[in-house]
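Below: the structure, in structure tokens.
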Protein chains: 2
Amino acid sequence: MSAQRFSKKREAIYRVVCSTTSHPSAKWVYDQIRQEYPDISLATVYRNLALFKESGQLVSVAVVDGEERFDTTVSPHGHFVCTLCGEVLDLDVLRLDSFEREVERQIGAEVESHSVIFYGRCADCRCMEASD
Amino acid sequence: MSAQRFSKKREAIYRVVCSTTSHPSAKWVYDQIRQEYPDISLATVYRNLALFKESGQLVSVAVVDGEERFDTTVSPHGHFVCTLCGEVLDLDVLRLDSFEREVERQIGAEVESHSVIFYGRCADCRCMEASD
DNA sequence: GATTTTTTTGAAAAAGTTTTCAAAAACCCC
DNA sequence: GGGGTTTTTGAAAACTTTTTCAAAAAAATC
């Protein structure tokens, strides 16, 4: 139905990235895949993640500590990024659809999507700080 | 007043990045600076941009086509990124401060900042498409 | 203003990501 | 299922960014 998904390795990459809610990085996916395909190239992982992103099966959420992080929940929602441990969390709701129309009027553009990210200290990291 | 700003080159980098509203990339700043200091290293530009970011004189707005883009308007506002030409535009208002408190309740985190980016086709790129 | 300490720099290495290109795998048609 | 076409892959190069480290520049001390 959803167009192409040919090779075994491509299917495995998609399976792995869907297997977690931790918003994994390419390196994390690579390390998981290597248990199944020890000869896979890191370039193949990057290439397929980019492909999934282009086809809408995947979304790039944020770059945390230099690493791009992905999300297979493609319905629009916001994210929280912990600036201490790098954890990425999903947020309920937070759709700025009405703002999209406002932005279109403001600058004459055609808005297709938007991204909302909150930064701070996650609950776990706050606990650790408190016990110092 | 605002702490350190020692070397000539550092001052020049800050002057250049402040001289435009185009949300420049490190490479763009480097190319400008080289007209004044032909022997400057690209690493010095990256290093100082990172320093300005840390000290709050500068903000990292988005990564467009693999390049980080900067803004010296540090008061909170949203941005629009054209997915065709890569232009980055400032948006009026759009502060989600009340949402910050909601997010804190939702996940128990301490939110310090947030980022809002709209993606689509800018006015210029829409015109060009229409004339195809 | 010379000496010592601290900061900043250039060059090169390293890290994350993308691209190139020839070989391998998957697909298509008969 | 064999032969030709298209897609996908691994390896290596290239690109953006960060880090390392010794040398140069700036600041502080005398």
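In what follows, chains are A, B, ... by sequence order, proteins preceding strands, each numbered from 1. Hydrogens, waters and symmetry mates are skipped; everything else that's a heavy atom, side chains included, is used.
- Checking dG10(C), dT17(D), dG10(D) against every side-chain atom of T44(A), the shortest atom distance belongs to dG10(D).
- K9(A) comes within 4.0 angstrom of sugar-phosphate atoms only, judged by non-hydrogen atoms across all strands, and of no base.
- Residue E68(A) contributes atom CD, which lies 13 Å from atom C1' of dT16(D) at whole-angstrom precision.
- Phosphate contact (OP1/OP2 of dT8(D), side-chain N/O of R10(A), threshold under 4.0 Å): present.
- Rounded to whole Å, atom C1' of dT6(D) lies 15 Å from atom CG of L51(A).
- For S7(B) and dT9(C), the shortest distance from a side-chain N or O to OP1 or OP2 is below 4.0 Å.
- For the pair Y46(A) and dT18(C), the criterion of a side-chain N or O lying under 4.0 Å from OP1 or OP2 is not met.
- Between dA11(D), dA26(C), dA11(C), one nucleotide has an atom nearer to the side chain of S41(A) than all others, and that is dA11(D).
- Ring pair H114(A)/F118(B) is tilted by interplanar angle, where 30° to 60° counts as tilted.
- Residues R105(B) and E102(B) are not paired through a salt bridge, judged by the lack of any N-O separation under 4.0 Å between the basic side chain and the carboxylate.
- Rounded to whole angstrom, the span from the CG atom of L49(A) across to the P atom of dT19(C) amounts to 14 Å.
- Remark: the R47(B) side chain and the dT20(D) base include a donor-acceptor N/O pair separated by less than 3.5 Å.
- Between E112(A) and R121(B) a salt bridge is recorded (basic side-chain N to carboxylate O distance below 4.0 Å).
- As a whole-Å value, the separation of F6(B) CZ from dA28(D) C1' is 11 Å.
- Salt bridge status for D71(B) with K53(B): absent, with no side-chain N to carboxylate O gap under 4.0 Å.
- Nearest nucleotide to the side chain of E67(B), out of dT20(C), dT17(D), dA26(D): dT17(D).
- Remark: P of dA25(C) and CD of E11(A) are 17 Å apart, rounded to the nearest angstrom.
- Checked by atom type, the side-chain pair D92(A)/H77(A) shows no donor-acceptor distance below 3.5 Å.
- Mapping K8(B) and S25(B) onto DNA chain D by nearest heavy atom places S25(B) closer to the 5' end of the strand.
- Distance L42(A) CG to dT19(C) C1': 14 Å, rounded to the nearest Å.
- Distance from the side chain of A43(B) is smallest to dA12(C) among dC21(D), dA12(C), dG10(D).
- Whole-Å rounding puts the F52(A) CZ to dT8(D) C1' distance at 12 Å.
- If you take CG of N48(B) and P of dT19(D), they are 14 Å apart, rounded to a whole angstrom.
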